[in-house]
There are 2 protein chains.
Amino acid sequence: MRLVIARCSVDYEGRLRAHLPLATRLLVVKADGSVLVHSDGGSYKPLNWMSPPAVLRAVEPDEDDREAGVESVWRVQNAKSDDRLIVRIHETIHDSTHELGVDPGLIKDGVEADLQRLLAEQIDTLGAGFSLVRREYMTAIGPVDILARDAEGRTVAIELKRRGDIDGVEQLTRYLELMNRDPLLAPVRGIFAAQKIKPQARTLATDRGIECVTLDYDQMRGVDDSASRLF
Amino acid sequence: MRLVIARCSVDYEGRLRAHLPLATRLLVVKADGSVLVHSDGGSYKPLNWMSPPAVLRAVEPDEDDREAGVESVWRVQNAKSDDRLIVRIHETIHDSTHELGVDPGLIKDGVEADLQRLLAEQIDTLGAGFSLVRREYMTAIGPVDILARDAEGRTVAIELKRRGDIDGVEQLTRYLELMNRDPLLAPVRGIFAAQKIKPQARTLATDRGIECVTLDYDQMRGVDDSASRLF
DNA sequence: TTCTATATTTCGTCA
DNA sequence: TGACGAAGTATAGAA
């Protein structure tokens, strides 16, 4: 990994075109040829970048660039597409290279899969007398997150999201439409469950006869003590 | 901006929990307190991070950590939420700090807004006799990208996407449903326009009586010569 | 390889 | 400030 602090301007051409005027920035060159251009603020997204695999070639500036004060030009070309990044370096303030080795990678807990496991275990939080049929119930158009049965024995299709957006409602609607054509399952109740449900999504769901439930992941994790043994 | 290359382990706790085992990584500390943890590969997304605004406190390792070989512990706390990142540093390989100043920011060309402007100007590429009513036509459930009228005077709702995906078709379907209830507008034609339309999206659109049009941005930009004056 | 769904999404815009 | 849609989305998993 190479770290460079430099006064530079940057141009990207590919899926769109983008330009960064001259300023001092951090340039990170990774082992796979990818390049990140970071400013001293904002969040983790670089101002501009090149995705791997890519090849960096440092070339001599042409006459115009040299007159404008350009010291060196990086041409970063993606190996699989036409995307390219051009960095014009006017002044190098820092330049160092380091061996990092391969990273063992990230271990996560609390993503949708964990929510799904917890909700399946605590299915009666959705209503007294609820019982689990199965998780990831396959249909012709994709898997329903959780299939359950309510106290009256009616089939319940549950769509689970961390953030309840409008497209989650659309997804559940498609499943319900399909499942209600199956005389063995119909009539099927729909429940849209999420940690937070957007007003638009709630309106659409209600309009289509889908119930909305907001989940408290911390509380659900508290009930299940296996989570505390993870780390 | 502070750059540190260190052998470290990292734990995040907040919206989820995540753990990075001991390895050599790049740590970037920005002026707003945000922290990025990068490996020497992958793309621009860090393995782990803290969003701004945040405060970094370096604390002494406790006895257990010290026995495990921890040299220093960073506690990074988000200033607006409960999110926190803990970096346990076992060995510091590089540590430097640099003044970058404020960045002038990125100038983009070729995003959906540019496509929309061009298509509005060249609305007759969708059909002879088409005329523009207005861009971003507001409805109760959101803005229709472009509203136009065809040669027969019929209202046309146009949904514009860079990439024509299935949810774009769903979006346009919702608009059409709503607008067709309005006797002043009905019947409303729907056109799904994108630089590339996925087969599934095309099938769904056609099934719902929505026309599909693929756009050539380079050609459209060629017609409008103001684009060439951008940089 | 391609498609699909998720994301500690981030980022802008508009009410 | 919050909601909503776009992103050079990235990324992981399944078909």
Side-chain angles (χ1 to χ4, degrees), chain A residues 11-18 34 37 42-52 54 78 80-85 105-106 108-116 136 138 141-143 145 159-168 170-171 194-203 217, chain B residues 10-19 34-37 42-52 54 76 78 80-85 105-106 108-116 136 138 140-145 159-163 165-168 170-171 194-195 198-201 217:
Chain A
D11 288 276
Y12 164 77
E13 205 159 324
R15 276 160 285 190
L16 57 67
R17 297 193 293 170
S34 60
V37 182
S43 91
Y44 69 67
K45 196 176 181 183
L47 294 163
N48 227 329
W49 71 93
M50 178 54 64
S51 308
N78 189 287
K80 290 197 169 177
S81 72
D82 285 334
D83 294 24
R84 67 166 183 266
L85 194 73
L106 192 65
K108 285 187 185 182
D109 168 47
V111 289
E112 199 199 270
D114 302 294
L115 256 178
Q116 192 190 106
E136 301 286 350
M138 275 309 295
I141 54 169
D145 287 338
E159 178 65 34
L160 189 61
K161 286 272 181 287
R162 233 173 43 78
R163 283 167 37 176
D165 241 326
I166 208 158
D167 39 330
E170 298 282 15
Q171 207 176 331
Q195 285 180 275
K196 198 168 189 181
I197 297 177
K198 295 271 179 75
Q200 260 201 1
R202 187 181 293 273
T203 305
Y217 180 62
Chain B
V10 185
D11 288 276
Y12 164 78
E13 204 159 322
R15 278 159 285 189
L16 58 67
R17 297 193 294 173
H19 174 71
S34 59
V35 175
L36 317 184
V37 182
S43 98
Y44 69 65
K45 197 176 182 182
L47 294 163
N48 226 328
W49 70 93
M50 177 55 65
S51 308
V76 188
N78 189 285
K80 291 199 165 175
S81 73
D82 286 334
D83 293 26
R84 67 168 181 268
L85 194 73
L106 191 65
K108 283 186 188 183
D109 168 46
V111 290
E112 201 197 270
D114 301 297
L115 254 179
Q116 192 189 106
E136 300 286 349
M138 277 307 298
I141 54 170
V144 176
D145 287 339
E159 178 64 34
L160 191 60
K161 284 272 181 285
R162 238 170 38 79
R163 283 166 31 178
D165 240 328
I166 207 159
D167 36 331
E170 299 282 17
Q171 207 176 331
Q195 286 180 274
K198 295 261 181 83
Q200 263 201 354
Y217 181 64

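One P atom belongs to C/dT4, the other to D/dG8, and the distance between them is 22 Å to the nearest Å. Spacing of C1' atoms, D/dA10 relative to D/dA6, comes out at 14 Å, to the nearest Å. If you take atom P in C/dC11 and the same atom in D/dT11, they sit 15 Å apart, rounded to whole Å.
The side chain of B/Ser43 contributes an N or O atom lying less than 4.0 Å from OP1 or OP2 of D/dT11. Contact check, A/Lys45 against D/dA7: no side-chain N or O comes under 4.0 Å of OP1 or OP2. Phosphate proximity of C/dC3 to B/Lys198: absent, as no side-chain N or O sits under 4.0 Å from OP1 or OP2.
For A/Asn78 and A/Pro199, each mapped to the nucleotide of DNA chain D holding its nearest heavy atom, the one lying further toward the 5' end belongs to A/Pro199.
B/Ser51 comes within contact range of the sugar-phosphate backbone alone, with a heavy-atom separation under 4.0 Å but no base atom that close. Nucleic acid contact class of A/Asn48 (heavy atoms, under 4.0 Å, all strands): base. Residue contacts shown for B/Pro143 are absent, as no nucleic acid heavy atom lies under 4.0 Å away. Within 4.0 Å (heavy atoms only), A/Arg84 reaches no atom of the nucleic acid at all.
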How far apart are the C-alpha atoms of B/Tyr217 and B/Leu115, what are their side-chain angles, what is the distance that settles it, and do they pass the side-chain contact (heavy atoms from CB on, under 4.5 Å) test? CA-CA 7 Å; B/Tyr217 181 64; B/Leu115 254 179; 3.6 Å; yes
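Put simply, CG on B/Asp114 is 15 Å from P on C/dG12, counting in whole angstrom units. Computed from coordinates, the A/Asp165 CG to D/dG5 P distance equals 8 Å when rounded to whole Å. Taking atom CG on A/Asp167 and atom P on D/dC4, their separation rounds to 12 Å, with Å as the unit. Note: NZ (B/Lys161) to C1' (D/dA7) measures 11 Å, nearest angstrom. What separates CG of A/Leu106 from P of D/dA12 is a distance of 9 Å, to the nearest Å. Whole-Å rounding puts the A/Gln195 CD to C/dT8 C1' distance at 11 Å. The distance between atom CZ of B/Arg163 and atom P of D/dG5, rounded to the nearest whole Å, is 17 Å. Rounding to whole angstrom units, CD1 of residue A/Ile197 and C1' of D/dC4 are separated by 16 Å.
Side-chain atoms of B/Val10 and B/Leu47, non-hydrogen and from C-beta on, never get closer than 4.5 Å to each other. Two residues are said to be in side-chain contact when any heavy atoms from C-beta on lie closer than 4.5 Å; B/Lys108 and B/Leu106 meet this criterion.
With hydrogens and angles ignored, the 3.5 Å screen pairs a side-chain donor or acceptor of A/Asn78 with a backbone N or O of A/Ser51. Side-chain N or O atoms of A/Asp83 include none that pairs as donor or acceptor with a backbone N or O of A/Met50 at under 3.5 Å.
Aromatic ring pairs are classed by plane angle as parallel below 30°, tilted from 30° to 60° and perpendicular above 60°; the pair A/Tyr44 and B/Tyr44 is tilted.
Closest to the side chain of A/Gln200, out of D/dT1, D/dC4, D/dG8, is D/dC4. Comparing C/dA7, D/dG8, C/dT8 against the side chain of A/Glu112 picks out C/dA7 as the nearest. Here D/dG8 is the nucleotide among C/dT8, D/dG8, D/dG5 with the atom lying nearest to any side-chain atom of B/Lys108.
Stacking between A/Tyr12 and D/dG8 is present: the aromatic ring centre lies within less than 5.5 angstrom of the base six-membered ring centre, and the two planes differ by under 30 degrees.
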